[in-house]
Amino acid sequence: MKKLIAIVGPTASGQSNVAIELAKQCNGEIISADSAQVYKGLDIGTAKVSNSETQGIKHYLIDIVGAETEYNVGEFQKDAQNAIDEITAKGKMPILCGGSGLYVNSVINEGYDLGLTQGDPKKRKELAALEKEHGQGYLYGILAEKFPNRAKKIHENDYQRILRGLEMDADIDENYTVNRWSSPYDLQIFGLQKERKLLYQGIDERVDNMFELGLIEEVAAALSMGYNPKGNALMALGYKEILPLLYGNTEVEEAKNTLKLNTRHFAKRQLTWFRRDPRIIWYDVGDFANIAEISFAIFTKLKQDKFII
RNA sequence: GGGGAGGUUCCCGAGCGGCCAAAGGGGGCAGACUGUAAAUCUGCUGUCUACGACUUCGAUGGUUCGAAUCCAUCUCUCCCCA
């Protein structure tokens, strides 16, 4: 069984840097599990680690696609599995690090069978048109009729999942894994936590910093690179809040505050996502003097467990 | 100094005699999550010894069976005229 270390946590909890420190200590390489960092040109808003920050540690799955691509979990799952194989083959330790919960789970968990049906934008559009034509709730009705089991699990207002449910045109419930928390890897998973107040404070600071680094210019540049203002990439935090600014529909301060707020909400969702995974060993950032100490604590734990020698 | 508008639960904001612990929104908290996931969606949100009780709608005093809603005084805020 291949070994895999995962480091997860909400944005601005310092996971990227902890992962780098850890990689240095245990001869590792990092696989980013981040749905937005895969896009080229989106650097500031996604808080990508800079070249100097990586300290020579190789990072996978950052900057792998451009404006023409709509990336998604399915591709990520494959790409990440390949990266793990590649790193392992080199005799190094793969470290999966990031805050996109679904992305993380798709590689970390057994039987995450995404393969049944691919995403189908055309079909989604057709379905959306139907809903418009027949009124709200129409699609849910169809879903309930065709796949009652699946419909039971989806709230009638969760439009996106309803679309997905119908798009698949298959009752995938039967294919769900029974044991959700078993892994195809010899897995060690660590979570970074922060007192809520400090977490939010950190987010505010990070957002201020993004604006100073030129976030607005970056979004404008992304548009000229061909990124679709309505596409997945620019729907990400840090981009969708800036777009109205570029169109003159809001003020800088307002956009900044919106981004801070949305990021706090996002961090909360991340916490909710990861909290339910009983395998995660949590570290409170506030208990440590710096990043290096956290990674050392993790390193020590891994040694104790004989996960690394 | 004169005239007008108004002070509602963490915030904004409805309510204008009983159906009001008080609409709605925001925020906060909690949750869901299997190819859009930095997305999408849900629940809770005065206190308590909790199918009942208690304290809230600027303050005090009144009218009334009953007030956030009516009256009086006070107080604060905003706008207009001087």
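Side-chain atoms are counted along with the backbone in the values below, which use heavy atoms only and exclude waters and symmetry mates. Every chain is numbered from 1 and lettered A, B, ... according to where its sequence line falls, protein lines coming before strand lines. For clarity, every value in this text was computed on a predicted model and none was experimentally measured.
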From the candidates A38(B), A30(B), G28(B), the one with an atom nearest any side-chain atom of Lys268(A) is A30(B)
Sugar-phosphate only, base, or nothing, as touched by Arg196(A) at under 4.0 Å among non-hydrogen atoms: sugar-phosphate
Any-strand Watson-Crick or G-U partner of G1(B), both distances under 3.5 Å: C81(B)
Under 3.5 Å donor-acceptor pair, Asp158(A) side-chain atoms to A32(B) base atoms: no
Applying a 4.0 Å non-hydrogen cut-off, can you work out what Asn262(A) is touching in the nucleic acid: base, sugar-phosphate, or nothing? nothing
Taking a pair to mean Watson-Crick or G-U wobble geometry with both distances below 3.5 Å, G43(B) pairs with C29(B)
Would you indicate what Tyr39(A) reaches in the nucleic acid, counting non-hydrogen atoms under 4.0 angstrom: base, sugar-phosphate, or nothing? nothing
When rounded to the nearest Å, what value does the distance between C1' atoms of C48(B) and A38(B) take? 41 Å
Is there a donor in the side chain of Lys92(A) and an acceptor in the side chain of Thr88(A), or the other way round, less than 3.5 Å apart? no
For nucleotides A68(B) and U8(B), find the distance between their C1' atoms and express it as a whole number of Å. 7 Å
Using atom OH of Tyr200(A) as one end and atom C1' of G28(B) as the other, report the distance to the nearest whole Å. 8 Å
Please determine whether any donor N or O and acceptor N or O are separated by less than 3.5 Å between the side chain of Arg275(A) and the base of A30(B). no
Partner of C65(B) by Watson-Crick or G-U wobble geometry, both contacts under 3.5 Å, or none? G18(B)
Describe the nucleic acid contact of Leu163(A) in one word from base, sugar-phosphate, nothing, applying a heavy-atom distance below 4.0 Å. base
Any base atoms under 4.0 Å from Ser106(A), or only sugar-phosphate, or nothing? Heavy atoms, all strands. nothing
Stacking check: are the rings of Tyr159(A) and C41(B) less than 5.5 Å apart at their centres and under 30 degrees in tilt? no
Select base, sugar-phosphate, or nothing to describe what Tyr103(A) touches, counting heavy atoms under 4.0 Å on all strands. sugar-phosphate
Please give the distance between the P atoms of G52(B) and A22(B) as a whole number of Å. 13 Å
Heavy atoms from other residues, nucleotides or ligands near CD of Glu53(A) exceed 12 (cutoff 6.0 Å): yes
Closest approach of Leu4(A) to Pro94(A) (non-hydrogen atoms, all atoms of both residues): CD1-O, 3.6 Å
Who pairs with G24(B) - Watson-Crick or G-U, where each distance is under 3.5 Å: C12(B)
Does Gly45(A) reach a base, just sugar-phosphate, or nothing at all? Heavy atoms under 4.0 Å. base
Pairing of Lys90(A) and Glu29(A) as salt bridge, 4.0 angstrom limit: yes
Pair Arg164(A) + Glu167(A): basic N to acidic O under 4.0 Å: yes
